[in-house]
Peer 1: 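First the structure, then my questions, so here it is.
Chain identifiers are assigned alphabetically (A, B, ...) following the order of the sequence lines, protein sequences preceding nucleic acid strands; residue numbering begins at 1 within each chain.
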Amino acid sequence: EDKVVQSPLSLVVHEGDTVTLNCSYEVTNFRSLLWYKQEKKAPTFLFMLTSSGIEKKSGRLSSILDKKELFSILNITATQTGDSAIYLCAVPNSGNTPLVFGKGTRLSVIA
Amino acid sequence: DVKVTQSSRYLVKRTGEKVFLECVQDMDHENMFWYRQDPGLGLRLIYFSYDVKMKEKGDIPEGYSVSREKKERFSLILESASTNQTSMYLCASSFSPGPQHFGDGTRLSIL
């Protein structure tokens, strides 16, 4: 069965800290891994990773994939209160397009 | 920008009622999805569709049905609402391959 496991489940940090969120997966016929950020409403797309070792970056957020060890990390540097959200990791399942989601990491950034 | 619009942000219905949740996307995506999101359980796929008039069961289809008569519209139907269907419902759409883009969600309460 396809599986996506995120850790930690929740995290509280102070503004300015750097955080690393983890996502491990088990899926046959791996094609991609996606990261989303969810605040109060819909998940918003952050990154899609397909190749090992190539960092994707957007402002203070970056992510990298390790296809050998079957995991990805999402880094956030110089955190701000606006980074408080649930961060979701997902991979397309073995069959086709539908995504298998992890349970998410709830990040709280306090001033 | 991709726009996925769900017809209601909040909805309150009674047990036994037939409930319709509507979702419209404006990007000509062939794929559309319905998820529910519950605390501690994450996002779970109810149904998805690859094309007009086509549907596939997700992980938790029991008690639900869907309709896709037009490419841009995907409806979720609760045939006879029950209290355990109280949840946040999220619609998403995508190209193949590509990230899914989510609507803002409908928070449904069944009394």
Peer 1: Test A:Q38 against B:L90 for side chain to side chain contact (heavy atoms under 4.5 Å, CB included), laying out the working first.
Peer 2: CA-CA 12 Å; A:Q38 185 176 21; B:L90 289 163; 4.1 Å; yes
Peer 1: Heavy atoms, side chains only, cut-off 4.5 Å: are A:F101 and B:L45 in contact?
Peer 2: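 Sidechains of B:L45 and A:F101: no contact.
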Peer 1: Taking A:V109 as the starting point, is it possible to reach A:V19 by hopping between hydrophobic residues whose side chains are less than 4.5 Å apart?
Peer 2: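 Both belong to a single hydrophobic cluster.
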Peer 1: Should A:L70 and A:F47 be regarded as members of a common hydrophobic cluster, given that ILVMFWY residues are connected when their side-chain heavy atoms come within less than 4.5 Å of each other, either directly or indirectly?
Peer 2: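 A:L70 and A:F47: one cluster.
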Peer 1: Between A:M48 and A:I64, is there shared hydrophobic-cluster membership here, with clusters defined by ILVMFWY side-chain heavy atoms closer than 4.5 Å?
Peer 2: no
Peer 1: Distance check, rounded to the nearest 0.5 Å: A:L99 atom CG versus B:F33 atom CZ?
Peer 2: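 Reported value, rounded in 0.5 Å steps: 6.5 Å.
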Peer 1: Considering only heavy atoms, which portion of B:R9 lies under 4.5 Å from any heavy atom of chain A: side chain, backbone, both, or neither?
Peer 2: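 Only the side chain of B:R9 comes within 4.5 Å of chain A.
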Peer 1: Sort by residue number and list every member of residues 103-111 of chain B having a non-hydrogen atom under 4.5 Å from chain A.
Peer 2: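 So far as heavy atoms go, B:G103, B:D104 are the residues that approach chain A to under 4.5 Å.
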Peer 1: By a 4.5 Å heavy-atom criterion (distance strictly below it), what part of A:L88 contacts chain B: side chain, backbone, both, or neither?
Peer 2: side chain
Peer 1: Is B:E56 in contact with chain A via its backbone, its side chain, both, or neither, using a 4.5 Å heavy-atom distance?
Peer 2: neither
Peer 1: Kindly work out whether a path of hydrophobic side-chain contacts (I/L/V/M/F/W/Y, heavy atoms less than 4.5 Å apart) joins B:V4 to B:F74.
Peer 2: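 Different clusters.
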Peer 1: State plainly whether one hydrophobic cluster holds both A:I76 and A:F71, where clusters connect Ile, Leu, Val, Met, Phe, Trp and Tyr through side-chain heavy atoms under 4.5 angstrom apart.
Peer 2: no
Peer 1: Determine whether the aromatic ring centres of B:F102 and A:Y36 lie less than 6.0 Å apart.
Peer 2: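 When the ring centroids of B:F102 and A:Y36 are compared, they turn out to be within the sub-6.0 Å range.
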Peer 1: Looking at A:K57, I want to see if its NZ is surrounded by more than 12 non-hydrogen atoms of other residues, nucleotides or ligands under 6.0 Å.
Peer 2: yes
Peer 1: Check whether any side-chain heavy atom of A:P98 lies under 4.5 Å from a side-chain heavy atom of B:Y50, and answer yes or no.
Peer 2: yes
Peer 1: Might you confirm whether atom CZ of A:R106 has over 12 heavy atoms from other residues, nucleotides or ligands at distances under 6.0 Å?
Peer 2: no
